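Shown next, in structure tokens, is the structure this report addresses.
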Amino acid sequence: MEIDELERLIRLLKDEALSEITLWEGDRRITVRQATPRPSDQATQGKAPDEARDTGAFTVNAPLVGTFHRRPSPDAAPFVGEGDLVRSGDTLCLIEAMKVMNEIQAEKPGRVERILAEDGQTVDYGQALFRIAAP
Amino acid sequence: MEIDELERLIRLLKDEALSEITLWEGDRRITVRQATPRPSDQATQGKAPDEARDTGAFTVNAPLVGTFHRRPSPDAAPFVGEGDLVRSGDTLCLIEAMKVMNEIQAEKPGRVERILAEDGQTVDYGQALFRIAAP
Amino acid sequence: MTFHRVLVANRGEIALRVIEACRELSLESVAVFSQADARMPYLRLASEAICIGPADPAKSYLSIPALISAALVTGAEAIHPGYGFLSENPHFVEVCEEHGLAFVGPSRRVMELVGNKWAAREAVAAAGVPILPGECVPDANDSPEQAAERVGYPLLVKAISGGGGRGIRLVKGPQELAGAIAAAATEADRAFGDRRVYLERALVNPRHVEVQILGDALGQIIHLGERECSIQRRHQKLVEEAPAPRLDPALRDRLRLAAVVAARAVGYQNAGTVEFLVDERGEFYFIEMNARIQVEHPVTEAISGLNLVAEQIRLASGAPLAPFEPKTDLRGHAIECRINAEDPTRGFLPSCGKVEIEELPSGNGIRLDTHLYDGMEVLPHYDSLLAKVIAWGRNREEARTRMYTALERFRIRGVATTRSLAQEVISHPAFREEWAGTGFLDDLLAG
Amino acid sequence: MTFHRVLVANRGEIALRVIEACRELSLESVAVFSQADARMPYLRLASEAICIGPADPAKSYLSIPALISAALVTGAEAIHPGYGFLSENPHFVEVCEEHGLAFVGPSRRVMELVGNKWAAREAVAAAGVPILPGECVPDANDSPEQAAERVGYPLLVKAISGGGGRGIRLVKGPQELAGAIAAAATEADRAFGDRRVYLERALVNPRHVEVQILGDALGQIIHLGERECSIQRRHQKLVEEAPAPRLDPALRDRLRLAAVVAARAVGYQNAGTVEFLVDERGEFYFIEMNARIQVEHPVTEAISGLNLVAEQIRLASGAPLAPFEPKTDLRGHAIECRINAEDPTRGFLPSCGKVEIEELPSGNGIRLDTHLYDGMEVLPHYDSLLAKVIAWGRNREEARTRMYTALERFRIRGVATTRSLAQEVISHPAFREEWAGTGFLDDLLAG
């Protein structure tokens, strides 16, 4: 019995919604039976994922395609670092597009949990830049 | 066991609304069983098909491609008609292939229930020609 | 080449087409995509792919800042606009130039000139190319009614900044004139931000024949023969072919020559199309020029053996025209059918949904241009073009029979398409043997 | 045409190809199928489809009574055998003739002659076509060892009724001779029911170049240029192209002429192939003729614009050759890659399963010959060929880059294929720039 033969048997069982296929060949016998759904499966399907609970954390995404800058100028300090507290309206970074520096600001207060893009890197539209936790 | 043979069995099971098919062939045995219908399915499907019971009926299929002839010669009477009783080895029809007339005989006795091909018609390999009920 | 990396400012089959051309030229390519298009398989074929905005085209494929920024951050040195979107937008050309990006297409000056339909008409007429009687309105010296009398009825009111069939109204008599002008002007204002219109004599069931031209930086211009594009509904073409069938040889020569003269009159560079109407008496008239690659360019590629998109890129890099002699180098006949996700039985309503591929056509003489993949979502945001089936044959009938079989093999589930309509068109006696003008498809659909 | 209805005695892509050709010629077609092939979509394209037997080819596609009966009951007047199966079986041709059915291919006499590899060698040598040193064994006058000495080592033991690479053994020295003869004879007996073998000098890493010829009932014979078929494993070709690259122009002319001379020497009619080996010194030698359409015929179609299958049918109906001038009518370069359902990482084990289509290649210069549909079961009963990707370009490099992209776009699930291997081959420096002989693929796979 080849494994892919068995796989095809299982596919048949599923596609055709059968309860069982049994196959004897010489002294070989193969039975494929549809499992009765276990209660635990139902429990898993019906889950309310923990991580989806609203913790107040959010990401700041790039509103335009361009180059990501963490500093106002090459010699200056970064606008923010991981662990920093930010207030609404604080500048988080610049995105340079068409030679224009666009300031990206925090819409809500919080603590910078992770900086997700690298300084000088090209960022796509919608790319996550910062993960910010509730203050 | 050929997978497409099995697929055909399953199709048969579904088309004929059977609950199970078991097939012995030499030392091979194949069982295909319909999933136990869920209550909701039964309601929609309604029927529990009587005609699906094993009545001993069988079909005689064309063993080769050719022209189906019900009569030994154009002026003669047909070999069999619907309702006729046939014995094992009785000629049911001719299939003409490469200008040779091939006699098709009943393998088991029974009563001709339906003639499924028309006189003079081209029949494909495997095409059902007669449906024969248990005597 | 004066550049090494080309940004493809488009989506769908033409984006795939441009990426393929870059690969053939050993150029790197940058694909851009909206969030809705993130799973398009053609993105893998590009050297780099970058998300430029949300599904809404105004914020992605039509966003000049997003595209320019994408080009600059990825180091692209040239932008290919495809067709539609920003392909005929002089301002986009200007911004490209400002940022040192080569635009694959004509210069801003030429694009502005041919984008003004009235100015283009006047320019080519001055070079001796025949045009239909026309008048610009309003003219300070007289009323629209007087202008219309001079043009003659029936006539068309056409937006000066037109395109895609918008801002056009047919006027059969004086009583319809004022209303038609108002309607066309309003539509043109909404679509192009320009209410100006002109009047042009309308022909009854003319044929729409366009000539493909190529121009290089040295001012050399050649043509690659003409295409027949009369099978259209509301100015949307459904079936195109090359060369145009049943055209008197002398007329064909004059038409092709006129296209070169017209292109030269405007100083055309790169690939472009000169559109003419041909009437049943065998007269032809310039109507407009298209400053972009056309959807139907593959029929010209099929009979010429050229890669027009690669030629566009070569020409934009300053390369001279490669030698091409239409009389000997054009071979056979090609037909294209557009497969749109539209339901012809329900007024060509766009049909959105998830496409499942069952079988796709190909084989001897068949080309299929498509970005289709199994599971692709057809979205309401974009053009309904799913695929272009192109059939080549040694003669028109060979191409036609191949096309019929190919259409039969185009089998997808999930959306309604124009496939069966295309089969009906190419099987129709008028299409096969007679004069099928721009009224053909409406008549077929009405009857 | 002297007939109106053609039975297609084959399956898969070549059956589809013949049905398409019939449609182009406005002929009716009868498709035959085994029960396993009942769901093939190409059956819909035929005028009629008839089941001729079970999955086992011996009881369906190889069953002469089933095929003849199918032709007679459906009123077919001609039979196209495709390739493989009964295509080179003189007895099948004879039975067709007995039943008044036109066989699309050469006559029984020619098929018998070229089916005997030794007789074909002698016949073309008599006409002045170069052959390699060879000896028939056993010869009454001397021993195999003496014959082998005259031929010279290394040599090949070849079955007289050979084909498909079976019944062939390489012999490097006298000590291997007896064993090789016995092995080849046994294999040939099993495969062809004929244990006769002959000896032929073996070349080291030669190129396999074959010339496509066409012959009509008037005895006219033309060639359509040559194909390079050196990329093979165990005599199974994987990549083919036309014309053959890097061939000295004088050698190319002599080779093409020799093919016509060889075809004339055997009185060839219909489409056929004359196979040569070319060595590094630029010498060439006839090895055999193939009395059928070849799998790789599309590369010749791509550069000639002809439909070879339609030509076969026309010629079988008694039509004369259409004018064709290779010097001017052959255009560009074409490459074909075969996509087999085989796993190159597991010794080319055939890979069976249900195919799901994700994306298929097409576009400018790309042709795909395939019977593939979504959900198709690849069965162990039949040939593993799934698809042929053909790329045309104005030159070899253009064709090659197009092929690379096309292969990248060939994406299916469910079975392993030779796609990546084909990409590896066409990207290899030796394939691109050097002498890639019949040993190329084995070397690539070995290391």
Side-chain angles (χ1 to χ4, degrees), chain A residues 4 7-8 11-12 14-17 52 57-76 78-80 91-108 114-132, chain C residues 5 7-11 28-40 43-44 46-77 79 86 89 91-101 103 356 381:
Chain A
D4 49 345
E7 276 171 353
R8 287 171 67 201
R11 218 181 310 138
L12 271 173
K14 302 209 152 224
D15 291 351
E16 306 292 334
F58 59 99
T59 60
V60 176
N61 303 330
L64 75 171
V65 64
T67 306
F68 176 75
H69 294 293
R70 288 189 55 199
R71 302 155 201 272
S73 65
D75 308 326
F79 290 107
V80 292
T91 297
L92 300 173
C93 65
L94 302 175
I95 293 183
E96 182 183 356
M98 291 177 72
K99 293 171 188 156
V100 174
M101 294 294 179
N102 300 276
E103 291 196 353
I104 309 304
Q105 293 161 343
E107 288 184 357
K108 289 189 289 182
R114 287 291 303 279
I115 300 175
L116 303 161
E118 275 178 49
D119 205 9
Q121 182 196 336
T122 299
V123 292
D124 288 15
Y125 170 85
Q127 186 175 329
L129 305 176
F130 298 92
R131 179 162 178 84
I132 297 186
Chain C
R5 204 173 169 91
L7 181 124
V8 185
N10 215 301
R11 68 177 298 281
E28 293 183 358
S29 54
V30 178
V32 299
F33 61 99
S34 73
Q35 286 181 313
D37 284 337
R39 289 179 57 212
M40 284 290 179
L43 300 176
R44 290 175 306 113
S47 315
E48 192 172 335
I50 189 161
C51 182
I52 52 161
D56 178 2
K59 294 176 183 153
S60 48
Y61 300 110
L62 284 167
S63 164
I64 294 179
L67 291 164
I68 299 288
S69 179
L72 296 178
V73 297
T74 58
E77 299 139 302
I79 295 191
L86 296 167
N89 184 320
H91 174 57
F92 183 49
V93 182
E94 187 180 1
V95 180
C96 286
E97 285 167 5
E98 279 168 10
H99 287 84
L101 296 162
F103 178 82
E356 285 174 68
H381 308 88

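Residue numbers start from 1 in every chain, and the chains themselves are labelled A, B, ... in the order their sequence lines are given, proteins ahead of strands. A quick note: this is a predicted structure, and the numbers were derived from the prediction, not measured.
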Checking heavy atoms, do the side chain of A:Gln127, its backbone, both or neither come under 4.5 Å from chain C? neither

Is it the backbone or the side chain of C:Ala71 that comes under 4.5 Å from a heavy atom of chain A, or both, or neither? neither

Look at C:Leu72, C:Val73, C:Val95 and state which one has the largest set of heavy-atom pairs under 4.5 Å with chain A. C:Val73

Given that the side chain runs from C-beta out, which part of C:Val32 has a heavy atom under 4.5 Å from chain A: side chain, backbone, both or neither? neither

With a 4.5 angstrom heavy-atom cut-off, is it the side chain or the backbone of C:Ile68 that approaches chain A, or both, or neither? both

Applying ring-ring contact (aromatic ring centres under 6.0 Å, His included) to A:Tyr125 and not counting sequence neighbours gives none

Are more than 12 heavy atoms from other residues, nucleotides or ligands located less than 6.0 Å from atom CZ of C:Arg39? no

Could you please state which residues from residues 97-104 of chain A sit under 4.5 angstrom from chain C, measuring non-hydrogen atom to non-hydrogen atom, sorted by number, or 'none'? A:Ala97, A:Met98, A:Lys99

Closest approach of C:Ser69 and A:Val65, non-hydrogen atoms and distance? OG-O, 2.7 Å

Identify, with sequence neighbours excluded, every residue that meets salt bridge (charged side-chain N to carboxylate O under 4.0 Å, His left out) alongside C:Glu77. none

Looking at residues at least two apart in the chain, or sitting in another chain, which of them share a salt bridge (charged side-chain N to carboxylate O under 4.0 Å, His left out) with C:Glu356? C:Arg413

Check the surroundings of atom CD in A:Glu107: do more than 12 heavy atoms from other residues, nucleotides or ligands lie under 6.0 Å from it? no

